[in-house]
Each structure stands twice: as C-alpha cells, then as structure tokens.
Amino acid sequence: MLLRMSTLLLKTLREEPADAEVPSHRLLVRAGFVRRAAPGGYTWLPLGKLVLDRVTEVVRDEMAAAGGQEVSFPALLPREPFDTSGRWTEYGDLLLTLQDRRGADYLLAPTHEEMFTLLVQDMTSSYRDLPLLLFQVQTKFRDEARPRGGLLRGREFLMKDAYSFDLDDAGLTSAYDRMRTAYQQIFRRLGVEHTIVAAVSGAMGGSASEEFLAPAEVGEDTFVGCTACDYAANTEAVVTPAPPARPVTAPAAAVHDTPGTPTIATLVELANERRLGGRDDWAASDTLKNVVVVVHHPGRTDEIVAIGVPGDREVDLKRLDAALAPATATLFDDFAVRPDLVKGYLGPQGLPIRYLADPRVAPGTAWLTGANQAGRHATDVVAGRDFVPDGAIEAAEVRAGDTCPACGGGTLTIRRGIEIGHIFQLGRRYTDAFRVDVLGADGKPVRPTMGSYGIGLTRAVAVIAEQHHDERGLIWPDAVAPADVHIVAAGRDGQIEAALSLGATLVRAGVRVLVDDRPNVSAGVKFTDSELIGIPRSVVVGRRLMEGYAELRNRRTGDRQELPLVDIPGVIMGRLG
RNA sequence: CGGGAUGUGGCGCAGCUUGGUCAGCGCACCGGUUUCGGGAACCGGGGGCCGCGGGUUCGAAUCCCGCCAUCCCGACCA
C-alpha cells in the first residue's frame, strides 16, 4: 500500500473543532481521520478507515483463532423477534425504531441476540451441531439521548458481537473463558490498557458478566479496585457485604418530635441537641434514609417503591437501575398525590408501599428514622422487629474506602473507565424465548445455553487515540497505524522523486507507506502534519539527499537517526520484524 | 427529560449591549512572484438568503415572539 498525500483526501486542521471536548475526538478530527456528519454519526475519512479496518482485522483474527465463524445479519429488522424476546419494550427509548411504508414496525438493531438465536434454531437440530461460536462485525444503532465524546458514544457505531451456543453449563463456561482469553489477546495487540471488572448484565439478561474497561477520566463507567486483593468491579456490580444478623438488644422504638428536620443533616443536628435516646453522638450513619422512587416495569404499570439506605449514603441511581433491571427507576417527587407518604419523615414501619433495604440494614440493626408523621422521627427502629423489608437491594452509593466485598481486608478505590468490551453468560433467556432445542444423544431435547461477547470497534479506535497521543498529535501502535512508515519529502531538489522511489521499494517488501509528496508545502508543515497523523516511524528525505542520507524518526520516542538512504529499507524491515 | 451555552463563507471567531459604510478578521481555497528542515512572504482573487419562521421599524446579523439544531453538565445508557 502506498498512499500519496498529494492526492489523499486529507485536510488537517490547525485549529480544534469547537465541539470537540475529549482528546481522542479533537485529535482524530484535527488529523483528518474522521469528521462529524450527523448527530452521533461520523464519516470515516481514508486515514481513519484504514485504522478502523486494521482494528477490525485484529478482532476478526482472534475471533477466528478462538473458533468463531463470521456471519452477517441485516441491521434493519422487523419487530416480531424483539417482541418474542421482550426487548421491543424492555430496551426502552434506546431502541431506534421506524416504520415502513405500510406502517409495519422495524428497528435498527442495537445488538443481535434474537437473530443469532433464530439462525441457530433454523440450522441446528442435533447435539452434534453444537457447540457453535458465531460472530459478526456490524453497524449498530441506538437512539442515544445524548451522544458524546465524538466516537466514544454515537448513535451509530461499529461493533463486533459474538454469541456462543453450548449444550450445558460446562460448555458455556469453557466458551466464556475462551472469549475472555481472546479479548485479552485482542486488547494486548491493539495496545489498549484495560482492566477486567465484574459487571451486571443489564437489559440483556443473563448471569456472569465482565467488562473490559480502559481507565480514562472521560470514561462513563465507574469501577472499583481493592487495595489488598485483585477484586475489580463496575460500581453497579459491587455487592455490599451484609453484616450478620444480631440479637435485638435495643429498647422498644420511641417516637420523638423532630420539627424542621426533613434532611439527614438537620435530623442529626437536632437529635444531638435534644439528646434523643439519651445520646449526643448521633451520626448520619445511625439514621435510615428512605427514598421513594417510581419503578418503571417494561410493559407494565409503574410502581412506587421506597428504598432504605444508611443516612450517610446517597442512593446511586445507576446502581439502583442495575439492581432493578430490566425495570428502571426515577425519583418520586409527586408527594401531593400520596398524602400517606410523608416527605422527609418516612420510616419503614408500616409503610404502605413496597420497601427494599440496603444489605447493611440487617436483622437486629437499630435505626433512627422517620415516624411517618410530619415533624416526627423514631429511635430504636429495629430491622426484623419493627419492620421487615420486602427485599434487599444494592442501591447505596459505593465509596472509596469501603470494605472490599471479596477479601474483607482491603478497601476499595474508585476510577473511571471506558467500556470497550463486555462478555457475559446469557444462559437460556433467548433460547427459552424462541424455544430452541436440539436433540441430545439420548434422543431427548436439549435447550442450548448462550454467551454473548461484544467489542465496540468504533470506540476502540477512540480509546487507542485516547491512550496513545502526546501534545503534538497521535501516536498509533504498530498494529493499527494507517501506515507503517511516513516518508516525508522535505525539499524539491529531487526529494519527492527519491521519497516515492523509497516508498515503492518498501511497498514491494510488503510495507504500508504514506508519502508526503506534496509540492510547494514547506518542510515545517510536513513535519507537524506527520506528527499529528502519528504514523509510528517516519523517514525524512531532505537536505542530505545529495550525500545519499535520510533521517529515520521514531514518533513515540522522538529519536532521530541519519542513515544512508540505501540502508533504510533494511533497517525498517528489521524493526517491523 | 432538567440546567447552561451557542448558531455569522469549509474551519475558528468578531460584530449584537447602543438597529443605518458590518457583512468583517485569521486559517483554508484559487492565480502570480519569491521562499524551501519546523505550521513562509508579498500581490491579486473567489466564496456567506448572518440556523428557520413570524413580528416591530423607513431600515434588522443586531430588538421582540416562536421553532429547530448543536455542544457542555446532569438524568438516561451492554
């Protein structure tokens, strides 16, 4: 491959686009790899397309090596399969739907569980046909409320999605482990630093689930690590260690007048002032905060639910949603229509609505909480005695310094990350929905169990740019660079001809070459463009051409080396391995 | 969906408060001359229903109303 910049569709920008915020977005636009074409949609320009294709090839290669077979489905799908799986409603507003001329419902697929399941249903009939690992590389659509970060979150993006079909749990576990290993290999080849964290499966359904997160300030996921062990989890998946049940030692609950204390802070202050229960050391963590939310069950009517968390913690709506999936929750604030819910003075005792409590609200624990009367709170309200939650829920915020749920010894640290891959064991949710069975060796039907494995390819390009750049521009890893060598002709005394000739020599040896053969462009411009574009090594054919020398540069280290022109191909071949 | 901001040649912006030589600047682009290893200089040019619709006015990029779009924060989000 030899690309000539004199004819390449490329325009680098000296100034940053006004709408670009994150580094990857700024650089990819400035360097002429992509440009915005629609809200949440980007055009891949020649250089960007080369990178995207190389990323895709790495993924394909590793998927094939892991036994995957590539197929391709339409992106435009009819409604019926998604009705069968329930996702037409469960996926919510994020599903990009449309109608054809007859008014029939269609969607632009966000993922393809249904279609893969149907394909396997159609084409398999015996246990001998399994296991299967199928994948595709395809454009996905989501009606994102707010696309952001350039390529990081679009409404249309390229994704590799893969699905495994196995006869039993052991097969699923094996496929899952194989994918996990393949993903580590993929991200290693792509040069993407990442952490594997325990995750929740969300609207997809299923059980075991892990995310591959690229640590980054601009990331939208928050995850924890442990100071003592190797535990790592998305905050949505952090499980709170429940204290053991303890015997009830507290006296009977007592109601106190606590006027003007609708918040935890005001309550604690007043409780200490008045020495409620004979104490003046009340802390927010002694109180039980009860937050009312509206739970939206897909396809059913909304439900009003109270969530109880220790008063020193906020309810984390992301964690709450994850715990309620596929239902979602929003804060309830229409207390006018529910006079039986006393805002600011809610307690779990005798609440007229369903009550879900944080695991820390263990049987035997005593709390200072609302008395369900305006201006009154109750002390010594004991879980298991004065109230019994309708269930436990992981809704309280996770904080740095919390005890690690895995080892119990270390504490948690918190970081942000970009989700670049997600693997999980779906189980039989979809094979059940579509009643997929194959005949087992004993002649009885067996229902296959599935795994689902995704990598955001568009996003991967952005993450690579996010992790590999400096103040001058991009620095692509060898495996995905748009070219292996950037030859810069810095001069007009035959430098362009010499550069093209060197390029031709390298191309014959299988090297990908970009030549800056633009006439009448100053050397300075070519150097800055070269650094912005970020091809890992460049050859400057310049003023020492007459002596037969050129300069080899390393974009990452900045190293420069004057070499005889004739030696350059050999040196480059050596370094490319 | 809430909060904030912004819409003026391809890109980045000024002009709006105080309506009238305001349609302008930088980059990019075209022609010419010079320059040629770190975003060159000079000369000459082309390109904009000032987001859309309505209103006020003799006159609107500028004031008023409505709408749309984009970006940022939050909500939302495999």
Side-chain angles (χ1 to χ4, degrees), chain A residues 10-22 25-26 29-30 32 35-36 38-41 87 90-95 110-113 140 142-150 152-155 157 159 161 197 199-206 209-213 218-221 234 236-237 293 296 316-318 320-322 325-326 328-331 333 418-424 426 452-456 459 472-473 488-493 495-496 516 518-532 538 540-545 550-551 553 560 562:
Chain A
L10 172 73
K11 181 156 294 189
T12 56
L13 272 43
R14 191 179 299 204
E15 291 175 289
E16 296 185 342
D19 59 359
E21 193 73 9
V22 301
H25 188 195
R26 289 204 305 260
V29 172
R30 273 194 63 210
R35 59 171 49 201
R36 203 185 79 89
R87 286 209 300 170
E90 283 179 19
Y91 219 84
D93 293 337
L94 203 57
L95 202 63
T111 58
H112 281 74
E113 279 78 359
K140 307 292 187 189
R142 292 181 193 177
D143 191 0
E144 295 286 353
R146 177 150 99 78
R148 70 180 85 187
L152 286 176
R153 173 171 298 280
R155 308 178 88 186
F157 54 94
M159 182 187 221
D161 53 330
V197 307
V200 292
S201 44
M204 309 301 315
S209 167
E210 288 173 294
E211 285 172 344
F212 289 69
L213 297 183
V218 298
E220 297 179 84
D221 286 85
N234 193 303
E236 294 171 16
V293 297
H296 311 283
D316 181 333
L317 286 174
K318 280 190 180 186
L320 176 60
D321 271 348
T328 58
T330 51
L331 280 180
D333 55 6
I418 300 165
E419 180 185 354
I420 45 173
H422 195 164
I423 56 176
F424 55 96
L426 269 178
S452 168
Y453 319 94
I455 291 181
R459 188 179 278 183
R472 291 168 179 245
V488 176
R492 58 173 192 177
D493 303 318
Q495 276 90 349
I496 289 176
D516 195 342
R518 293 175 294 178
N520 304 317
V521 172
S522 73
V525 171
K526 291 184 176 182
F527 293 152
T528 45
D529 274 349
S530 172
E531 283 157 343
L532 180 58
S538 62
V540 178
V541 180
R543 60 192 164 202
R544 293 196 65 193
L545 173 65
E551 185 180 279
R553 296 185 180 185
R560 302 179 181 191
E562 296 267 6

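We name chains A, B, ... by the order of the sequence lines, and we start the count at 1 in each one.
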J.: Quick one: label A:Arg35 by what it contacts on the DNA or RNA (base, sugar-phosphate, nothing), any heavy atom closer than 4.0 Å.
T.: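 Counting heavy atoms under 4.0 Å across all strands, no contact is made by A:Arg35.
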
J.: Send over the distance from A:Asp529 CG to B:G37 P, rounded to a whole Å.
T.: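 One finds 16 Å between P of B:G37 and CG of A:Asp529, rounded.
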
J.: Hunt down the Watson-Crick or G-U wobble partner of B:G2, both distances under 3.5 Å, from any strand shown, or write none.
T.: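 Result: B:C73.
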
J.: I want to verify a distance call: between B:A78, B:G37, B:G12, whose nearest atom is closest to the A:Glu15 side chain?
T.: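 Minimum distance to the A:Glu15 side chain belongs to B:G12.
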
J.: Select base, sugar-phosphate, or nothing to describe what A:Thr528 touches, counting heavy atoms under 4.0 Å on all strands.
T.: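 Base, at least one base atom sits under 4.0 Å.
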
J.: Side chain of A:Arg14 only, please: which of B:A78, B:C27, B:C11 is the nearest?
T.: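 Minimum distance to the A:Arg14 side chain belongs to B:C27.
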
J.: For A:Glu16, which contact category applies under a 4.0 Å heavy-atom criterion: base, sugar-phosphate, or nothing?
T.: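 Contact class for A:Glu16: sugar-phosphate only.
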
J.: Between B:C52 and B:A69, how far is it from one C1' atom to the other, in whole Å?
T.: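 Their C1' atoms lie roughly 10 Å apart.
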
J.: For A:Asn520 and B:G32, what is the distance between atoms CG and C1' respectively, to the nearest whole Å?
T.: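 So the CG-C1' distance, A:Asn520 to B:G32, works out to 12 Å.
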
J.: In whole Å, measure the gap between the P atoms of B:C64 and B:G19 for me.
T.: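 The answer is 11 Å between these two P atoms.
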
J.: Using the C1' atoms only, state how far B:A23 lies from B:U8, rounded to an integer number of Å.
T.: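 Approximately 9 Å lies between the C1' atom of B:U8 and that of B:A23.
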
J.: Whole angstroms only, please: what is the CZ-C1' distance between A:Arg26 and B:G12?
T.: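 One finds 15 Å between C1' of B:G12 and CZ of A:Arg26, rounded.
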
J.: For B:G31, what is the paired nucleotide under Watson-Crick or G-U wobble rules, both distances under 3.5 Å?
T.: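 Because both required distances fall under 3.5 Å, B:G31 counts as paired with B:C43.
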
J.: Pair A:Asp161, A:Thr111 - check side-chain hydrogen bond (donor to acceptor under 3.5 Å, both in side chains), show working.
T.: CA-CA 7 Å; A:Asp161 53 330; A:Thr111 58; 5.8 Å; no

J.: Could you work out which one of B:G37, B:C77, B:G39 sits closest to the side chain of A:Val525?
T.: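 The answer is B:G39.
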
J.: Measure distances between side-chain N and O atoms of A:Gln495 and base N and O atoms of B:G37, and say whether any donor-acceptor pair falls under 3.5 Å.
T.: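 Result: no qualifying N/O pair found.
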
J.: Between A:Lys526 (side chain) and A:Arg518 (backbone), is there a donor-acceptor pair under 3.5 Å?
T.: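 Side chain of A:Lys526 to backbone of A:Arg518: a pair is present.
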
J.: Rounding to an integer number of Å, can you tell me how far A:Glu113 CD sits from B:A78 P?
T.: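 Taking CD of A:Glu113 and P of B:A78, I get 12 Å after rounding.
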
J.: Output one letter per nucleotide in nucleotides 70-76 of chain B: B when a protein non-hydrogen atom lies under 4.0 Å from the base, S when only the sugar-phosphate is that close, - when neither is.
T.: SSSBBBB

J.: Say we look at B:G7 and B:C67: how far apart would their C1' atoms be, to the nearest angstrom?
T.: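 So the two C1' atoms sit 14 Å from each other.
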
J.: Counting only Watson-Crick pairs (N1-N3 plus N6-O4 or O6-N4) and G-U wobbles (N1-O2, O6-N3), all under 3.5 Å, who is the partner of B:G12?
T.: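 Base partner found: B:C25.
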
J.: Could you check how far CD of A:Glu562 sits from C1' of B:G37, rounded to whole Å?
T.: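 It works out to 11 Å between those atoms.
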
J.: Hunt down the Watson-Crick or G-U wobble partner of B:U56, both distances under 3.5 Å, from any strand shown, or write none.
T.: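 By the stated definition (distances under 3.5 Å), nothing pairs with B:U56.
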
J.: Report yes or no: does A:Gln495 contribute a side-chain atom to a donor-acceptor pair with the main-chain N or O of A:Gly542 at less than 3.5 Å?
T.: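 Side chain of A:Gln495 to backbone of A:Gly542: a pair is present.
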
J.: What does B:U18 pair with, Watson-Crick or G-U, if both distances are under 3.5 Å?
T.: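 Across all strands, not a single nucleotide pairs with B:U18.
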
J.: Over all strands shown, is A:Glu531 touching base, sugar-phosphate only, or nothing at heavy-atom distances under 4.0 angstrom?
T.: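 It contacts base atoms.
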
J.: Taking the same atom, C1', in B:G9 and in B:A5, what whole-Å distance lies between them?
T.: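 Taking atom C1' in both B:G9 and B:A5, they lie 24 Å apart.
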
J.: Sticking with atom P, work out how far B:A14 lies from B:G51, rounded to a whole angstrom.
T.: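 Approximately 14 Å lies between the P atom of B:A14 and that of B:G51.
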
J.: How many whole angstroms separate atom CG of A:Leu13 from atom P of B:C27?
T.: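 In whole Å, B:C27 P and A:Leu13 CG are 14 Å from each other.
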
J.: When the P atoms of B:G2 and B:C76 are compared, how many Å lie between them, rounded to an integer?
T.: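 After rounding to an integer number of Å, I get 15 Å for this pair.
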
J.: Examine the base of B:G39 for any acceptor or donor lying under 3.5 Å from a partner atom in the side chain of A:Arg518, and report the outcome as yes or no.
T.: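 Result: no qualifying N/O pair found.
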
J.: Using a 4.0 Å heavy-atom cut-off across all strands, classify A:Arg553 as base, sugar-phosphate, or nothing.
T.: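 Base, at least one base heavy atom under 4.0 Å.
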
J.: Looking at B:G37, which nucleotide sits across from it as a Watson-Crick or G-U wobble partner, both distances under 3.5 angstrom, or is there none?
T.: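 Paired with B:G37, as far as the under-3.5 Å criterion goes, is no nucleotide at all.
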
J.: Of the nucleotides B:A78, B:G38, B:G39, which one has an atom closest to the side chain of A:Met159?
T.: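 Nearest nucleotide to the side chain: B:A78.
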
J.: More 5' along RNA chain B: A:Leu94 or A:Val540, using each one's nearest nucleotide?
T.: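 Going by which nucleotide is closer to the 5' end, it is A:Val540.
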
J.: With rounding to the closest Å, how many angstrom separate the C1' atoms on B:C72 and B:G66?
T.: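 About 25 Å, rounded to a whole number of Å.
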
J.: Kindly indicate, with the supporting measurements, whether the criterion salt bridge (charged side-chain N to carboxylate O under 4.0 Å, His left out) is fulfilled by A:Asp316 and A:Lys318.
T.: CA-CA 5 Å; A:Asp316 181 333; A:Lys318 280 190 180 186; over 6 Å; no

J.: Applying the Watson-Crick and G-U wobble criteria at under 3.5 Å, what pairs with B:G7? Answer none if nothing qualifies.
T.: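 B:G7 is paired, partner B:C68.
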
J.: So, does A:Arg459 use its side chain to make a donor-acceptor pair with the main chain of A:Glu419 at under 3.5 Å?
T.: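 Flag set: sc A:Arg459 to bb A:Glu419 pair under 3.5 Å.
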
